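A short worksheet on the structure shown next.
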Amino acid sequence: EIASWFEGRAPSAVYVQRGKNSDSGTEVQPASFEALDQYQVNEEALHTVVYETRARKNDEEIRLLRYVNRISSDAHIAMMRGARPGLMEYQLESTFAYGCH
């Protein structure tokens, strides 16, 4: 399916990510699909941009991350407070999900 998507658009280049994950040290393998060899493939440009974007956050992104972390923390606390012997995992999961919505 992806090959036909590319065929219909005829891009001058296809950018795929390849590089070393700075956190885990594992090599990020680039995407591959049938007929990729028909295109000019760039395996270098995306890696630096993606990893710099992961590492740098603007004020709005930081505010949003703090907000969602607070929601998640509060939901975890509610779940732990509600934990009792005999409760099923799905019951605690529903408490967590409710706290996140």
Side-chain angles (χ1 to χ4, degrees):
E1 187 176 320
I2 195 165
S4 64
W5 186 92
F6 274 91
E7 185 179 309
R9 285 157 182 82
S12 59
V14 175
Y15 294 86
V16 295
Q17 184 180 350
R18 176 194 276 300
K20 192 173 198 174
N21 182 310
S22 60
D23 295 328
S24 68
T26 59
E27 187 73 19
V28 175
Q29 295 301 313
S32 181
F33 62 90
E34 189 176 319
L36 182 61
D37 58 348
Q38 296 176 17
Y39 303 97
Q40 178 183 342
V41 177
N42 184 318
E43 295 184 344
E44 296 174 12
L46 282 181
H47 187 75
T48 302
V49 172
V50 168
Y51 277 85
E52 283 184 19
T53 303
R54 283 183 59 225
R56 296 186 181 149
K57 302 293 181 227
N58 64 35
D59 289 343
E60 180 63 17
E61 290 171 309
I62 292 169
R63 187 196 66 73
L64 181 61
L65 287 169
R66 286 180 176 152
Y67 175 72
V68 298
N69 282 331
R70 172 54 47 205
I71 290 171
S72 177
S73 294
D74 290 347
H76 275 95
I77 291 168
M79 184 182 67
M80 288 185 280
R81 285 183 176 154
R84 303 282 183 271
L87 280 180
M88 302 298 288
E89 183 177 348
Y90 73 87
Q91 292 171 297
L92 294 173
E93 181 182 4
S94 70
T95 300
F96 179 79
Y98 178 79
C100 288
H101 290 101

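Hydrogens, waters and symmetry mates play no part in the numbers below; they use all other heavy atoms, side chains included. All residue numbers in this chain count up from 1 along the given sequence. Remember, it's a predicted structure, so these values are computed and weren't measured experimentally.
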Are there more than 12 heavy atoms of other residues, nucleotides or ligands under 6.0 Å from atom [atom1] of [X]?
{"X": "Asp23", "atom1": "CG", "result": "yes"}
{"X": "Gln91", "atom1": "CD", "result": "yes"}
{"X": "Glu27", "atom1": "CD", "result": "yes"}
{"X": "Gln29", "atom1": "CD", "result": "yes"}
{"X": "Lys20", "atom1": "NZ", "result": "no"}

Measuring from [X]:[atom1] to [Y]:[atom2], what's the distance to the nearest 0.5 Å?
{"X": "Met79", "Y": "Arg81", "atom1": "CE", "atom2": "CZ", "answer": "12.5 Å"}
{"X": "Glu52", "Y": "His47", "atom1": "CD", "atom2": "NE2", "answer": "10.0 Å"}
{"X": "Glu34", "Y": "Glu1", "atom1": "CD", "atom2": "CD", "answer": "13.0 Å"}
{"X": "Phe96", "Y": "Met80", "atom1": "CZ", "atom2": "CE", "answer": "10.0 Å"}
{"X": "Gln17", "Y": "Tyr51", "atom1": "CD", "atom2": "OH", "answer": "5.5 Å"}
{"X": "His76", "Y": "Leu92", "atom1": "NE2", "atom2": "CG", "answer": "11.0 Å"}

Worksheet entry | Hydrophobic cluster identity match, Tyr98 and Ile71, side-chain contacts under 4.5 Å | no
Under 3.5 Å donor-acceptor, [X] side chain and [Y] backbone:
{"X": "Arg9", "Y": "Trp5", "value": "yes"}
{"X": "Ser72", "Y": "Val68", "value": "no"}
{"X": "Thr48", "Y": "Glu44", "value": "no"}

Discussion item. What I'd like to find out is whether the side chain of Arg66 reaches to under 4.5 Å of the side chain of Asn69, using heavy atoms alone.
Written reply: no
Response to the item:
In terms of heavy-atom contacts, Pro11 and Tyr39 come closest through CD-CE2, 3.8 Å
Fill in: Contact summary for Cys100 and Ala75, nearest pair of heavy atoms
SG-CB, 3.8 Å
Discussion item. Please determine whether side-chain contact (heavy atoms from CB on, under 4.5 Å) holds for the pair Asn58 and Glu61, giving the CA-CA distance in whole Å, both sets of side-chain angles, and the decisive distance to 0.1 Å.
Written reply: CA-CA 5 Å; Asn58 64 35; Glu61 290 171 309; 3.4 Å; yes
Worksheet entry | Whether Phe33 and Phe6 hold their rings parallel, tilted or perpendicular, with breakpoints at 30° and 60° | parallel
Item to complete: Decide, yes or no, whether a salt bridge links Arg70 with Asp74 under the criterion of side-chain N to carboxylate O below 4.0 Å.
Response: yes
